Amino acid sequence: MKYYSTNQKAPLSDLSSAVLKGLAPDKGLYMPEQIPALPESFFKNLPNLSLAEIGTAVSEALFGEDVSKAKLQEICEDALNFDVPLVMLNDKVGSLELFHGPTCAFKDVGARFMSRMMAHFIEKREKDTYVLTATSGDTGSAVASGFFNVEGIKVVLLYPKGKVSHIQEQQLTTYGGNITAVEIDGTFDDCQRLVKDAFVDDDLNAKLTLTSANSINLARFLPQSFYYFHAFAQLGEKAKDVVFSVPSGNFGNLTAGLFAYKMGLPIKRFIAATNVNDVVPSYLNSGIFEARASVKTIANAMDVGNPSNFVRMLEIYKHSHPAMQAEITGFTQTDAQIRETMERIYKKHGYTADPHGAVGYAALEELQEEGETGIFLETAHPAKFMDVVEETLNTKVEIPERLQAFLKKEKKATPLSTEYADFKGFLEGLA
């Protein structure tokens with residue numbers, strides 16, 4: 001399989017180069033030349049498969065020409081060693097809980113898979129590889145966990161000052177070792193811009209081997225398709241007319257769902273559920289995409305004003321607005337509406353949702369049609385947004401032990417401005 005750049009101005013790449021580089025030389029994102037269809041036998045056996053077995057089968061279809069089945073099986077069994085349960089709130093609405101991994105967020109799936117694949121590809125390299133990652137909260141902690149103490153890899157996490165929750169910040173800044181946290185005095189979009197500028201800086205790349213662990217890296221977002229298949233496996237015979245409501249920020253999660261759909265998973269349609277950073281819902285309504293500065297909200301993982309993976313969505317739909325609009329519906333909520341939704345879920349179902357999952361639930365409330373089975377993605381444990389959840393629901397949130405450990409550690413982060421020259425100088429100082 002070869003991989004092309006969404007900007008169409010770079011040569012085709014093999015899998016190893018695409019994964020280790022992250023971003024194409026022309027600043028485009030890598031896409032596979034084809035999206036392979038899975039055989040009918042896979043879907044017939046799907047209810048009998050574990051998450052790791054699903055991951056092995058799907059990744060073999062995607063990457064099997066470049067990585068052996070035995071290696072992919074080893075990666076999946078090691079990376080996907082936790083549950084992703086589908087919790088049905090009633091006969092027609094379920095929460096796909098993606099927070100049972102080590103950092104209590106959905107990004108554990110992609111980050112753990114990617115770290116192991118990247119380690120496989122760099123085994124024979126003599127120089128360290130620097131993984132640059134912009135985060136609005138959960139990506140950074142998942143990447144830090146996935147790459148912690150991986151030989152030959154150093155991780156640099158950029159996060160926006162004052163715009164992540166306390167627990168998220170503790171997870172980002174307390175690993176030490178091969179994990180370095182950088183506190184940017186700006187927004188997530190500023191962090192993402194700095195990372196992208198570093199990748200296309202020839203002078204810097206001559207000194208350091210750089211790659212990304214954001215969902216711009218295809219080895220990070222593609223494994224997120226696994227749990228869409230896993231949701232169907234858990235529905236079994238009830239897996240009919242399924243609509244996925246996906247809380248969306250950088251849109252890697254939704255793009256992964258689209259890959260699952262194109263590989264043959266019979267998803268009826270998707271809902272792109274966002275907070276007020278609603279550039280994609282606006283595009284779905286108007287056909288015009290206008291990036292803008294992100295706005296801080298209580299659902300901070302969705303505080304993205306120029307989502308990277310939108311270009312991948314355009315590629316999947318061959319840049320046809322009507323084609324995308326036919327299969328994806330946009331939905332938006334304000335902070336006040338998110339809080340009201342969290343209260344409704346709690347009172348109606350006794351279920352505690354984090355702010356992101358709440359937006360996904362609200363989208364189903366408004367847009368789910370008769371006969372459909374709606375699944376919203378619960379992307380992070382409510383404890384990661386403890387202040388918002390406890391204040392809104394007037395109840396205590398139990399903090400999992402794996403999160404409590406981070407609260408006892410000392411924060412270590414380097415403050416930087418949004419100027420690229422400052423960031424470049426910092427990176428050069430690490431070499």
Side-chain angles (χ1 to χ4, degrees), residues 1-36 62-63 65-66 110 114 117-118 121 129-135 139 143 158 188-206 208-225 248-259 262 272 279-280 283 287-292 294 304-321 323-324 328 420 423-424:
M1 179 85 77
K2 293 295 184 182
Y3 299 85
Y4 70 93
S5 168
T6 53
N7 282 345
Q8 308 284 346
K9 295 178 181 178
L12 292 175
S13 172
D14 61 16
L15 178 63
S16 174
S17 297
V19 170
L20 293 179
K21 191 62 183 173
L23 196 69
D26 61 358
K27 289 193 176 184
L29 275 60
Y30 283 115
M31 283 282 285
E33 283 191 299
Q34 299 95 27
I35 301 178
L62 290 166
F63 307 128
E65 293 179 11
D66 302 285
M114 179 187 59
M117 178 171 276
M118 201 172 281
F121 284 138
T129 296
Y130 287 79
V131 178
L132 308 184
T133 302
T135 181
T139 291
V143 168
L158 292 78
F188 168 77
D189 293 314
D190 292 317
C191 298
Q192 190 159 253
R193 172 181 50 79
L194 291 172
V195 168
K196 288 183 176 180
D197 286 349
F199 287 147
V200 295
D201 184 329
D202 292 337
D203 176 59
L204 183 63
N205 280 265
L208 300 175
T209 302
L210 304 178
T211 189
S212 170
N214 281 88
S215 56
I216 62 175
N217 193 308
L218 57 87
R220 222 302 298 283
F221 89 88
L222 280 175
Q224 293 171 190
S225 66
S248 301
N250 218 18
F251 278 81
N253 217 354
L254 181 55
T255 304
L258 294 174
F259 267 76
K262 296 299 181 182
V279 292
V280 173
Y283 166 81
I288 299 171
F289 180 80
E290 293 181 332
R292 58 177 182 264
S294 58
V304 183
N306 189 15
S308 291
N309 284 287
F310 180 67
V311 295
R312 285 190 169 120
M313 294 169 63
L314 290 173
E315 288 294 310
I316 289 171
Y317 287 103
K318 300 185 181 347
H319 292 254
S320 168
H321 172 255
M324 188 186 296
I328 307 174
Y420 175 68
F423 180 52
K424 179 178 179 178

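Given the structure is predicted, the values throughout are model-derived calculations rather than measurements. In this chain, numbering begins with 1 at the start of the sequence shown.
Looking at Asp26 and Ser5, their side chains do bring a donor and an acceptor atom within 3.5 Å of each other. Defined by atom type and a distance below 3.5 Å, a donor-acceptor pair is present between the side-chain atoms of Asn250 and Gln192.
Contacts of Lys424 classified as salt bridge (charged side-chain N to carboxylate O under 4.0 Å, His left out), with partners at least two apart in sequence or in another chain: Asp201, Asp203. Contacts of Phe289 classified as ring pair (Phe, Tyr, Trp, His ring centres under 6.0 Å), with partners at least two apart in sequence or in another chain: Phe310. Listed by chain and number, the residues in a ring pair (Phe, Tyr, Trp, His ring centres under 6.0 Å) with Phe221 are Phe259 (sequence neighbours excluded). For Asp202, the side chain to side chain contact (heavy atoms under 4.5 Å, CB included) criterion is met by no residue, not counting sequence neighbours. With sequence neighbours excluded, the residues satisfying side chain to side chain contact (heavy atoms under 4.5 Å, CB included) with Ser212 are Phe199, Asn214, Ile216. Residues meeting the side chain to side chain contact (heavy atoms under 4.5 Å, CB included) test with Thr211, sequence neighbours left out: Met118, Thr129, Val131, Asn217. Residues passing the salt bridge (charged side-chain N to carboxylate O under 4.0 Å, His left out) test with Asp197, sequence neighbours excluded: Lys27. Judged as a salt bridge (charged side-chain N to carboxylate O under 4.0 Å, His left out), and not counting sequence neighbours, Asp66 has no contacts. Residues that satisfy the side chain to side chain contact (heavy atoms under 4.5 Å, CB included) test with Asp14, not counting sequence neighbours, are Lys2, Ser16, Ser17. Residues passing the side-chain hydrogen bond (donor to acceptor under 3.5 Å, both in side chains) test with Tyr4 are Glu315, sequence neighbours excluded. By the salt bridge (charged side-chain N to carboxylate O under 4.0 Å, His left out) test, Asp189 is found to be paired with no residue, residues two or more places apart in sequence or in another chain being considered. The side-chain hydrogen bond (donor to acceptor under 3.5 Å, both in side chains) search around Thr209 returns none, not counting sequence neighbours.
More than 12 non-hydrogen atoms from other residues, nucleotides or ligands lie less than 6.0 angstrom from CD of Gln8.
Nearest heavy-atom pair, Leu204 versus Ala198, reported as atom, atom and distance to 0.1 Å: CD2-CB, 3.9 Å.
Lys196 forms no cation-pi arrangement with Phe423, by the criterion of a distance under 6.0 Å to the ring centre and an angle within 45° of the ring axis.
For the pair Met324/Leu314, a side-chain contact is recorded, criterion being any heavy-atom separation below 4.5 Å from C-beta on. Between Leu62 and Met1 there is no side-chain heavy-atom pair separated by less than 4.5 Å. With a 4.5 Å cut-off on side-chain heavy atoms, Val280 and Ser248 do not count as touching. The shortest distance between side-chain heavy atoms of Asn306 and Arg193 does not fall below 4.5 Å.
Rounded to the nearest 0.5 Å, atoms CG (Leu132) and CG (Leu158) are 7.0 Å apart.
A donor-acceptor pair under 3.5 Å is absent between the side-chain atoms of Asn309 and the main chain of Gly249, judged by distance alone. Without hydrogens or angle criteria, Arg220 side chain to Ala213 main chain gives a donor-acceptor distance under 3.5 Å. At distances below 3.5 Å, not a single donor-acceptor pair connects side-chain atoms of His321 with backbone N or O atoms of Ile288.
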Discussion item. As a quick check of understanding, evaluate side chain to side chain contact (heavy atoms under 4.5 Å, CB included) for Leu15 and Leu218, giving each step before the final call.
Written reply: CA-CA 9 Å; Leu15 178 63; Leu218 57 87; 3.8 Å; yes
